[in-house]
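Right, one structure below, let's go through it.
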Amino acid sequence: MEAYFGPTIEIDLAAIARNYGRIKSQLSKARCGAVVKANAYGLGAEQAAVALHNAGCRDFFVATLEEGLRVRTRVKDAAIYVFHGFRKGQQPQDFIAHNLTPVLNDIAQIEAWNNAASAALHIDTGMCRLGLTPDDLTRLPPIARTVPLVLSHLACASDPAHPKNKEQLALFKQILNRFPGIPASFANSSGVALGSDYHFDLARPGRALYGITRGTTFPPDMENVVTLSAPVMQYRALTQDETVGYGATTVAKKGSVLATVEFGYADGFMRSLAGKVHGYAAGVRVPVVGIISMDMVSVDVTAVPAHLRTPDLRITFIGKEQPIDVIAEMAGTIGYEVFTGLGPRIKRIYI
Ligand SMILES: *Cc1c(COP(=O)(O)O)cnc(C)c1O
């Protein structure tokens with residue numbers, strides 16, 4: 001295979017494992033699971049699952065049956081819970097043959113599953129999204145006595161002061177009285193940070209594993225996992241003022257040096273970042289100039305020492321210098337959306 005010089009996402013699997021350890025150390029009695037849905041937030045579910053399994057994780061959560069099957073190819077002796085549950089068109093055998101556990105979300109799913117094998121239950125305590133309602137709980141089939149896990153999801157955990165956290169906690173505790181002796185799971189990453197009242201038997205962190213924090217106003221509690229960089233395709237040393245890119249929105253000055261870089265909105269570099277975002281080249285902060293194109297973007301590399309402006313220069317857009325949360329805030333979104341939006345043609349490299 002030919003050498004690859006295109007855009008890359010370096011994913012530090014050891015950092016994921018260390019973040020898992022950091023979360024685990026905040027739990028006193030609860031086990032620590034891991035959410036690897038949406039291809040581990042775009043970073044690679046199979047690789048992340050293996051690293052987390054090596055770090056001691058034995059409870060994985062995915063969204064769909066297909067995601068569960070992919071994780072199962074790499075992780076044999078662990079529970080894999082499927083959030084979307086048992087869906088139309090699926091057979092119990094699709095789960096049973098691979099020892100996957102559906103998370104049943106309503107009475108119809110419970111009846112269709114019909115005690116085929118063990119399944120978890122999701123109870124809605126305030127998301128108003130998926131899960132059994134308080135009304136559903138009054139007419140639960142007998143399966144509810146034997147499930148291995150009852151879970152619920154917090155709506156506002158990323159805001160520790162939000163009153164909804166305590167309301168959901170009180171409701172979940174009250175509902176758990178109906179499930180004596182059955183393990184419970186409540187906390188996502190932010191739920192872990194809310195303290196031991198929220199931990200129950202099994203935590204389900206996702207974003208913290210991947211180095212996404214609660215936003216730029218919080219100190220980073222987790223280690224950076226991702227470094228995204230892209231190569232320069234061409235340099236432009238301007239001998240006069242020039243407008244750059246579509247719409248001629250920006251004028252670059254005579255004497256400046258521009259680099260055209262192989263990273264565009266088709267790769268998840270959102271157009272809304274134009275005019276705000278920087279890259280880093282050999283440690284130098286380099287502004288993005290003009291509109292972001294589908295497959296490329298212009299960067300002003302005038303400040304990079306001339307001897308470093310070679311065909312081998314790479315521009316880093318996400319990493320320690322410009323963390324995922326900073327990029328996300330500039331784009332008016334959250335790190336989850338940026339990571340899951342990074343395109344498939346960027347090569348993932350695991351270190
Ligand atoms: C995505 C998800 C999680 C993980 O949330 P993070 O905020 O990424 O820690 C946990 N539980 C459920 C039900 C989820 O959908």
Side-chain angles (χ1 to χ4, degrees), residues 16 19-24 26-27 30-45 48-49 52 57 59-65 67-68 71 79-85 87 100-106 109 119-132 147 149-160 162 164-165 168-169 171-172 175 183-195 198-215 218 220-223 225-226 324-325 328 333-341:
I16 294 179
N19 284 341
Y20 178 78
R22 286 186 181 93
I23 301 164
K24 204 171 162 174
Q26 296 175 45
L27 304 169
R31 287 155 66 92
C32 192
V35 178
V36 292
K37 66 189 180 193
N39 197 28
Y41 296 41
L43 304 183
L52 289 160
C57 182
D59 301 272
F60 294 89
F61 293 85
V62 294
T64 66
L65 173 63
E67 291 176 356
V71 172
I80 300 177
Y81 296 95
V82 179
F83 282 141
H84 291 188
R87 313 255 300 121
L100 303 176
T101 309
V103 180
L104 304 177
N105 294 299
D106 57 38
Q109 280 195 347
L121 292 183
H122 182 173
I123 293 165
D124 184 6
T125 55
M127 273 295 275
C128 199
R129 196 175 67 169
L130 277 183
L132 296 151
V147 290
L149 190 70
V150 172
L151 66 88
S152 189
H153 194 42
L154 286 156
C156 304
S158 60
D159 176 2
H162 202 292
K164 186 124 192 163
N165 296 323
Q168 285 193 264
L169 178 63
L171 182 56
F172 191 44
I175 288 168
S185 175
F186 197 36
N188 56 2
S189 303
S190 296
V192 171
L194 291 178
Y198 289 80
H199 295 169
F200 294 90
D201 301 293
L202 175 65
R204 312 187 303 272
R207 59 100 179 144
L209 297 168
Y210 312 113
I212 302 172
T213 74
R214 279 182 288 170
F218 283 90
D221 47 352
M222 294 289 145
E223 191 174 337
V225 166
V226 165
I324 177 62
D325 299 283
T333 183
I334 53 176
Y336 305 62
E337 192 184 9
V338 177
F339 273 173
T340 55

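Numbering of residues begins at 1 and proceeds along the displayed sequence. Indexing begins at 1, ligand by ligand and atom by atom, following the structure's order. These figures come from a predicted structure and were not determined experimentally. Atoms considered below: every heavy atom in the structure, side chains included; atoms not considered: hydrogens, waters and symmetry mates.
Separation of atoms OH (Tyr20) and CG (Leu209) is listed at 8.5 Å; rounding is to 0.5 Å.
Not counting sequence neighbours, Asp124 has no partner by the side chain to side chain donor-acceptor pair (under 3.5 Å) test. Residues meeting the salt bridge (charged side-chain N to carboxylate O under 4.0 Å, His left out) test with Arg87, sequence neighbours left out: none. For Gln168, the side chain to side chain donor-acceptor pair (under 3.5 Å) partners are Thr125, not counting sequence neighbours.
Taking both residues in full, the closest heavy atoms of Gly191 and Leu154 are given as CA-CD1, 3.9 Å, listed atom of the first, atom of the second, then distance.
Protein neighbours of ligand 1 below 4.0 Å, counting non-hydrogen atoms: Val35, Lys37, Tyr41, Phe83, Arg129, His153, Asn188, Ser189, Arg204, Pro205, Gly206, Arg207, Tyr336.
Using the six-membered ring where Trp is involved, Phe200 and Phe186 have ring planes that are perpendicular, over 60° apart on the 30 and 60° scheme.
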